[in-house]
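Below: one structure, written as structure tokens.
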Amino acid sequence: MKNIYSNILSFNKHCLLKIVKLLRKDTLVALPTETVYGLAGNAYSNSAVKKIYKLKKRPKINPLIIHYYSINDAKKDVKINQNFLKLYKNFSPGPLTYILKKKKKNKLSDLATSNLETVAIRFPNNSIIRSILKSINFPLAIPSANKSSHTSPVSALDVYDDFKKKIKIIINGGKCKIGLESTVVDLAGKLRILRPGLITAKEIEKVLRKKVTLNKKSKKILSPGSLKKHYSPGIPLKLNVRKAPKKYAFITLGKKYPVTKNSFNLSLNSDLNEAAKNLYSTLRKIKKLKYKKIYVVKIPKSKIGLAINDRLKRAAN
Ligand code: TXA
Ligand code: MG
């Protein structure tokens, strides 16, 4: 029998060599990170970056996050500042993305940064992606490995669902530890969070000893990808409800809700980190079960709960 998932591979030395070879030839690969799975290409190559936009059907005005192995690599392309150094020391490698100004002489593909003067950079914390980044001499442009506006993938099979054989290699690194995209913090303009994530404004304030604002709706596109319809499971969502009709999917949290055929519990212990990890896979599961509508209970807005609420709100748009 033919293995339909033949492009999903587990990671080993042989696979690493293969991936490095592909990336050098501007071919895209899908990789696990600690947040969500990403679609990776050489960030110094216009041809590789073009393929990312095309495959994802992503609008060209939505810039990508550039992933580096270390600060020394990043320094070649971006202007670093004190706030960055402090945060880097505390949170990198990890699920924090920094917006910084580009250096005049940088090697980044202009397409990857949508011709902006700023660039989003991140140092992912996952052993597979780190060993790949260590083996190449260019950074990787890596958006989440989903079609534009779809739900982000948290497993190799999720990536396969969106792209099938259109990606040469999808590395299977198991389910993502965090399950929601990185926090995006603006360090190039006014200090603010452009996209909430596991690392909160409060934690950043503690390190910087400065006020960090949460970006509320703004007319200007600050983080273009955080606009309107995003993370969409393709079904209407109704948020902050207490109960749901039997024919609709009901996303719950904690033990106080009845376990029924249509209920999907994000965490029986009301653990928000666990809920975050389960959110996207739950949305995908519900879609596959062909429910026509999703009802969601109120999720507390503390810690990563803020990010969960942010993604639910966008998914409901
Ligand atoms: O956790 C993550 O960050 C994942 C993994 C794969 O690393 N990546 C990810 O990438 O979520 P993506 O492309 O799905 O989201 C990138 C976000 C978008 O909202 C984009 O608009 C924003 O970062 N962004 C990129 N460059 C920017 C810039 N110069 N200024 C403001 N926002 C920027
Ligand atoms: Mg995305």
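Scope of the values below: all heavy atoms of this structure, side chains included, with no hydrogens, waters or symmetry mates. Start at 1 and go down the list; that is how both ligands and their atoms are numbered.
Neither side chain, N7 nor K166, offers a donor N or O lying under 3.5 Å from an acceptor on the other. A donor-acceptor pair shorter than 3.5 Å cannot be found between the side chains of S70 and N72.
Proximity of a side-chain donor or acceptor of K290 to a complementary backbone N or O of K287 within less than 3.5 Å is not detected.
A ring-centre distance under 6.0 Å is found for Y98 and F84.
In T113, neither the side chain nor the backbone holds a heavy atom less than 4.0 Å from any atom of ligand 1. At a heavy-atom cutoff of 4.0 Å, ligand 1 is contacted by no atom of K102, backbone or side chain.
The closest heavy-atom contact to atom 14 (O) of ligand 1, among the options A112, P32, S144, G38, comes from S144. For atom 25 (C) of ligand 1, the candidate residues are A30, S152, P63; the nearest heavy-atom contact is made by P63.
In terms of polar-atom proximity, T33 is not counted as a contact of ligand 1, lacking any N or O under 3.5 Å from an N or O of the ligand. Residue K56 has no N or O atom closer than 3.5 Å to an N or O atom of ligand 1. Taking only nitrogen or oxygen atoms, main chain and side chain alike, Y37 does not reach within less than 3.5 Å of ligand 1.
Between Y68 and F123, the ring planes lie tilted relative to each other; the angle falls in the 30° to 60° range.
For the Mg ion (ligand 2), the N/O/S atoms of S148 include none lying under 2.8 Å.
K79 has no carboxylate O lying under 4.0 Å from a charged side-chain N of E117, or vice versa, which leaves the two without a salt bridge.
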